Amino acid sequence: MDLSMLNPQQRLAAQTLEGPVLILAGAGSGKTRALTYRAANLIDSGVAPWHILCLTFTNKAAREMKERITALVGDQAEDAWISTFHSSCARILRRDIEKLGYARSFAIYDDTDQMSVLKELLKHLNIDEKYLPPREISARISDAKNKLQSPDEWFQKSARDYRSQQIHDVFVAYEKRLKELNALDFDDLLVRTLELFAQHPPVLESYRERFRYVMVDEYQDTNYAQYMLVRLLTAESGNLCVVGDDDQSIYAWRGADIRNILDFEKDYPNATVIKLEQNYRSAANILDAANQVIAHNEGRKDKKLWTEAEAGEPISVFCADNERGEAGWLVSRIKQYHSAGVPYNQIAVLYRTNAQSRVIEEMLVSAADPKIPYRIFGGLRFYERREIRDIVSYLRVLENPSDDMALTRIINVPKRSIGDSTVQELARHAREEGMPLYSALAMPPESLSSRPRKCVGDFLNLMNELLVLKETMGLTDFVEELLRRTGLKAQYEKEDTDEATARVENIMEFVGAVHEFEQQHPGASLADYLENISLVSDIDALSEDGGYVSLMTLHSAKGLEFDTVFITGMEEGLFPSGRSVQDEEKLEEERRLCYVGITRARRKLLLSRAHQRTLYNTPNYNPASRFLDELPKRLIKDESAVRDRAFRDMPAPVRPSRAPVSRSLVRPGDPLSIPGVQKGFSASPARALSGTAKPQFRAGDRVMHRKFGEGTVVGLSGEGMAARIRIDFIALGEKEFALSIAPIIKLEEES
DNA sequence: GACCATTTATTTTTT
DNA sequence: ATAAATGGTC
């Protein structure tokens, strides 16, 4: 194996094949390279590929690793298992889950499904949703499962009060119900696999024999169940190689236990520890900034990232008036970088919460000359859309007839006169007879009157026809036939609204996705496809060659890198989130998240915030994020207007035109407002400012020009009569005017 | 049983 | 502000 492409530490990692190995890999230190070479080296040294198991958190990481190993050793890499924890477990369970009393066609429930199950149970248990929100219960259940606790064990460790007792009862009912539905939630994939191993030692033994070499990526994000899984599998061979970075642990809220990586050397006393500390990704300024920020955390593993790279550009910091101004600035800078030669796919916009993407998207959409192609990852996921969930529910019922949740969803979609009362009656009957709802369709209760009985019969016939077709047709053809026979598509086609058109488009996109899946996985079954859509997220579809700007949360950005990275919403209460500021541990996790964000950037990093941000329809005035203060000033270029400095130690100026209490930004009677200039907007004239010398335009402001139309202020220069303003017009691009004569008015939307 | 109007909850991050 | 859920009416 030619390891000359590796630095000494990476080479050591690739050459240490036996025993436990801990690779502490700082951001951008080439850990994927080290891992792939190690896998290739294993194969090269005579280890059969099918003895190798690589576990990752995202499909993208798995795919990338598979591709890179294939590039080194060729197609034999196909025989290694390189996949996510969840997919690997699903694969193991598809084989042997019958030993646990489930059918192999089990469904995988996402949290929407989970929530419906919980709501249903609460209703039956007569518990008020306001007293015990399903959200909270699901969080508790997930916590318990991540720690491999049974409902009883969970209760023993809880407050053991009445409320916990009720949660316990729901938990028990939930487990029972899921089994009836022949469904597993995400956490179950791990839990049941471990259960299978615990109850059926020969199964565990066979996997131990098979996976003689196990590697785990992003080890800092493993929870207790994942830790146990890995531990069980490697207990005999001892060949476990984990890679991680305690500074990038950002999933504690989801059960990840940072101790897994911190205590690795205690768990595996003879472990070889290798540190990758040279960063190959970022310019020195960026790395410097990242190091400074993360240095504020305590209890870290000792490590110091260094680089041979040049200092590079300063880190830009910008403070806008509000989130629209922030997005406007963002858009103008994206245009600027793009025209300077940075391809769109090398630009990422990161934010703390998905909700922040909306305004950014609006501004990107309104940008013209050139238009900016973009893609939003996460957020409203494609498969969450109603019309898509409907199709998927049909498919799920056809695959797993026990799936009452899916069946209830589609039994009357499109409308076929099977109303709520009929469904309730069927469900009650099914419950009494202890059978799935689907069986109740064929054996309806005596009490059901003739008309609904007929409708149910028709529906059952339809489903039975589809069941036959499913076995005989190709996947894509089958889905198209299903859409035809059920009338799912026709339902929207006959409706002439924008919404319906969008739904039809989504349905067609879905068919396209099925087709693509079928191409990539010839001979794939419906079950394979359903598993794919349950376990694959849209971030997995991020491609290197797509010509678009990527918008995503900081969490989704983990493991990715871009030339130019924007981190928006650098405000206290947002990032770090308001829920973390009380708690030192949570705060440190936010800081690690910030570290992750900063280290995504190769060449240029830009941070922005807004004085005023409207979140959930309430205006907020957040001070600058403490993480901004933690950056060394020498690395920073503040691009804000002088009075808008991004740091909180410089107080925000008093704004006569802004009334923090007022919901409308410009009140009636405000000296600056001219009522009725344009419907839906308040306007203030450019000049005619009474006495006060306060300039009223700031970069990011939206303005209307008498001749050129709407635009965004991108810059101001000069003072007094010599003041000039630079505006990026939606229709015409950038133009500059003397402020004193420009026929422009400021636009402010009224809420 | 279907449809419309009103009310209500949602707001961190996700495999 | 928005979308989903609920409730009342035809």
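Please read these numbers as outputs of a predicted model, since none were measured by experiment.
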Using a 4.0 Å heavy-atom cut-off, does [X] contact any base of the nucleic acid, only the sugar-phosphate backbone, or nothing at all?
X        : result
A:Ser421 : sugar-phosphate
A:Ser87  : nothing
A:Phe186 : base
A:Asn412 : sugar-phosphate
A:Arg386 : nothing

Does [X] have a side-chain nitrogen or oxygen under 4.0 Å from the phosphate oxygens OP1 or OP2 of [N]?
X        : N      : answer
A:Lys415 : B:dC3  : yes
A:Ser556 : B:dT14 : yes
A:Ser577 : B:dT13 : no
A:Asn354 : B:dT12 : no

Subject >> Face-to-face contact A:Phe85 to B:dT15 six-ring, under 5.5 Å, under 30° >> reply: no
Output the rounded distance in Å from [atom1] ([X]) to [atom2] ([N]).
X        : N      : atom1 : atom2 : value
A:Leu593 : B:dT13 : CG    : P     : 11 Å
A:Ile411 : B:dA2  : CD1   : P     : 12 Å
A:Met552 : B:dT14 : CE    : P     : 11 Å
A:Arg358 : B:dT10 : CZ    : P     : 19 Å
A:Ile567 : B:dT12 : CD1   : P     : 20 Å
A:Gln114 : B:dT15 : CD    : P     : 14 Å
A:Lys454 : B:dG1  : NZ    : C1'   : 17 Å
A:Gln424 : B:dG1  : CD    : P     : 11 Å

Subject >> Carboxylate-amine/guanidinium proximity below 4.0 Å for A:Glu531 and A:Arg91 >> reply: no
Subject >> A:Thr422 side chain, from C-beta outward: closest of B:dT13, B:dT15, B:dG1 >> reply: B:dG1
Original post:
So which nucleotide from B:dG1, B:dT13, B:dT14 ends up closest to the side chain of A:Ser417?
Top reply: B:dG1
Original post:
Relative to the 5' end of DNA chain B, which residue comes earlier, A:Ser580 or A:Gly419, by the nucleotide with the nearest heavy atom?
Top reply: A:Gly419
Subject >> is_close_aromatic(A:His86, A:Phe57), centroid dist under 6.0 Å >> reply: no
Original post:
Would you say the side-chain atoms of A:Glu326 and A:Thr568 include a donor-acceptor pair closer than 3.5 Å?
Top reply: no
**OP:** Please determine, by modelled atom types, if A:Tyr109 and A:Asp403 share a side-chain donor-acceptor pair under 3.5 angstrom.
**Re:** yes
Original post:
A:Trp253 vs A:His555 aromatic rings, parallel, tilted or perpendicular, using cut-offs 30° and 60°?
Top reply: perpendicular
Original post:
In terms of ring plane angle, is the pair A:Phe510 and A:Tyr529 parallel, tilted or perpendicular, where the classes change at 30° and 60°?
Top reply: perpendicular
**OP:** For C:dT2, give its Watson-Crick or G-U wobble partner with both distances under 3.5 Å, or none.
**Re:** B:dA9
**OP:** Classify the side chain of A:Arg352 and the base of B:dT13 as holding, or not holding, a donor-acceptor pair under 3.5 Å.
**Re:** yes
